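Read the structure below first, then the notes.
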Amino acid sequence: MSNDFIHRFEPGNRLEAPPLLLLHGTGGDENDLLPLGKTISPGSALLSPRGKVLEHGMPRFFRRLAEGVFDEDDVRRRADELADFVESARARYGIAAPVALGYSNGANIAAAMLLLRSDVLAGAILLRAMVPLSQPPQADLRDKPVLIVSGKLDPIIPATNSAQLAALLTKAGANVQHPVLPTGHQLSQADLTIGQEWIKAVRFLQADKAAAV
Ligand code: MLT
């Protein structure tokens, strides 16, 4: 496969469960979010790449200049590269367009993909995400379901930033839900419950799914 990432793929066993693209946080790898994916959407196919950028040996999905300050050229390039990988992985494994499930740095690259290459994703769950690009392109996210779960006490992501991300995606037409939990940057049980409920309730584009099964 051209443009490959080290990754794990686990086939799904429930046709109505959308495939998930699992995107780990800084210092994570392709194994990290498999249990989270299985909990949030049992029976989904799971595609889980490892970020190619190393920060002091810790894998990430794009370069940053400081905490919360991104190398935006790299964000654009890496989002494109990851979108190409998703496209070739879909053909290789025969899966529909996945719903991204990203945490922290993984949620930020998922947000960048929504803005730059929205066609490769059926929707997204963004856990502790922030605005990835200061001058985002005009994206068409009409009816794309997006769940952003933020922590009110998150020391990395100011509340105004995650609210700005929700507003940006909504303005592009996405169907955004944005619960804010009384927690910090770490995930909590409530993230899992909200993610499970959301994925059960949301309808993803059927045409795409039908084409891939
Ligand atoms: C990022 O760099 O994407 C954010 O600061 C979140 C993180 O990875 O710590």
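What you see below is based on every heavy atom in this structure, not just the backbone, and it leaves out hydrogens, waters and symmetry mates. We count residues from 1, following the sequence as given. Everything numeric in this text was worked out from a predicted model, so none of it was measured. First listed ligand is number 1; within each ligand, the first listed atom is number 1.
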Will you find, in the side chains of Arg60 and Thr26, an N or O donor that is under 3.5 Å from an N or O acceptor?
yes
Could you check whether Asp80 pairs with Arg77 (Lys NZ or Arg NE/NH1/NH2 to Asp/Glu carboxylate O, under 4.0 Å)?
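Salt bridge absent between Asp80 and Arg77.
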Touching ligand 1 at all, [X]? Heavy atoms, strictly under 4.0 Å?
{"X": "Phe61", "value": "no"}
{"X": "Gly68", "value": "yes"}
{"X": "Arg60", "value": "yes"}

Side-chain donor-acceptor pairs of residues 145-158 under 3.5 Å, sequence neighbours excluded:
residue, atom, partner, partner atom, Å
Ser150, OG, Ser162, OG, 3.4
Ser150, OG, His178, NE2, 2.8
Asp154, OD1, Ile156, N, 2.8
Asp154, OD1, Ile157, N, 3.2
Asp154, OD1, His185, ND1, 3.0
Asp154, OD2, His185, ND1, 2.7

Arg63 side chain to Asp73 main-chain N or O, any donor-acceptor pair under 3.5 Å?
no
Suppose I only count heavy atoms of [X] and a 4.0 Å limit; which atoms of ligand 1 are within that range?
{"X": "Asn108", "value": "1 (C), 3 (O), 4 (C), 6 (C)"}
{"X": "Phe62", "value": "3 (O)"}
{"X": "Ser104", "value": "6 (C), 7 (C), 8 (O), 9 (O)"}

Which protein non-hydrogen atom lies closest to atom 5 (O) of ligand 1, naming both residue and atom, and how far is it?
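Heavy-atom neighbour on the protein nearest atom 5 (O) of ligand 1: Arg64 NH1, 3.2 Å.
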Atom 8 (O) of ligand 1 sits nearest the protein heavy atom Thr26 OG1, 2.5 Å
Would you kindly check if the NZ (Lys) or CZ (Arg) of Arg90 is within the cone defined by 45 degrees around the ring axis of Tyr93 and under 6.0 Å from the six-membered ring centre?
no
Among Leu114, Leu168, Val131, Leu116, exactly one meets side-chain contact (heavy atoms from CB on, under 4.5 Å) together with Pro136. Which residue is that?
Leu168
